[in-house]
Amino acid sequence: MSLKIPELQVMLPRASEVSRAQQVQLQENVQRQQELASQMAHQTQKAEASVNKSPAGEEALIRDQQEREKKQESEKPKAGKDTDKENKGEKNKSPSKGDHKIDILV
């Protein structure tokens with residue numbers, strides 16, 4: 001395919017325009033990616049620095065569990081006195097299910 005001189009004169013400036021447009025698009029894409037990366041880093045840092053509140057449902061479950069534990073502890077000494085009177089010297093070898101708890105703090 002052969003090109004005539006006037007066609008070539010029209011194509012060269014347009015090629016540079018297309019080149020500039022592509023360069024601008026590329027720079028915009030790079031800038032957007034950098035902005036997104038910085039936003040993600042900021043959100044990650046904010047999430048690591050803040051303490052998340054537990055949902056209301058979990059708070060209620062924790063509160064109920066604490067109330068049950070208090071009731072068990074208050075009933076435990078009463079039950080222990082009764083069994084001591086009945087057994088006189090016999091030891092209770094079967095521990096209750098609530099006696100085996102481990103708290104781990106980080």
Side-chain angles (χ1 to χ4, degrees):
M1 180 172 139
S2 63
L3 293 174
K4 297 179 184 176
I5 292 177
E7 291 174 347
L8 188 59
Q9 288 175 344
V10 171
M11 289 179 69
L12 285 176
R14 289 201 181 176
S16 63
E17 288 176 23
V18 170
S19 165
R20 277 189 239 129
Q22 288 177 345
Q23 186 67 25
V24 167
Q25 286 179 346
L26 182 64
Q27 287 176 349
E28 287 176 357
N29 288 340
V30 168
Q31 189 177 17
R32 284 184 195 148
Q33 287 177 349
Q34 288 175 346
E35 188 175 326
L36 279 172
S38 67
Q39 285 178 354
M40 292 297 287
H42 179 66
Q43 287 178 351
T44 303
Q45 187 179 21
K46 185 178 177 182
E48 289 175 355
S50 67
V51 176
N52 296 330
K53 249 190 152 177
S54 59
E58 287 183 22
E59 289 177 4
L61 290 174
I62 292 170
R63 200 174 313 119
D64 290 344
Q65 184 180 12
Q66 289 172 346
E67 289 175 4
R68 274 189 251 123
E69 289 174 0
K70 286 180 183 178
K71 285 181 183 178
Q72 286 177 353
E73 288 177 8
S74 65
E75 292 174 1
K76 191 174 182 180
K78 293 177 187 176
K81 290 178 184 176
D82 292 340
T83 56
D84 286 342
K85 289 179 184 177
E86 293 174 3
N87 294 333
K88 288 188 179 179
E90 290 183 23
K91 293 184 179 179
N92 190 4
K93 295 183 181 179
S94 61
S96 62
K97 293 180 182 177
D99 291 344
H100 303 291
K101 292 186 180 180
I102 298 174
D103 291 334
I104 300 174
L105 298 175
V106 179

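Around atom CD of Q31, no more than 12 heavy atoms belonging to other residues, nucleotides or ligands sit under 6.0 Å away.
In this structure E7 satisfies the side-chain contact (heavy atoms from CB on, under 4.5 Å) test together with L3, K4, sequence neighbours excluded.
Atoms CZ and CD, on R68 and Q66 in that order, are 10.5 Å from each other to the nearest 0.5 Å. Here the straight-line distance linking atom CD of E48 with atom NZ of K46 works out to 13.5 Å at 0.5 Å rounding. Atoms CZ and CG, from R32 and L36 in turn, are 9.5 Å apart once rounded to the nearest 0.5 Å. With rounding to the nearest 0.5 Å, the separation of CD in E67 from CD in E69 is 11.0 Å.
Residues R20 and S16 are in side-chain contact: their nearest non-hydrogen atoms beyond the backbone lie under 4.5 Å apart.
Partner Q22 forms a side-chain contact (heavy atoms from CB on, under 4.5 Å) with one of V18, L26, V24 and no other, that one being V18.
A donor-acceptor contact shorter than 3.5 Å is absent between the side chain of S19 and the backbone of A15.
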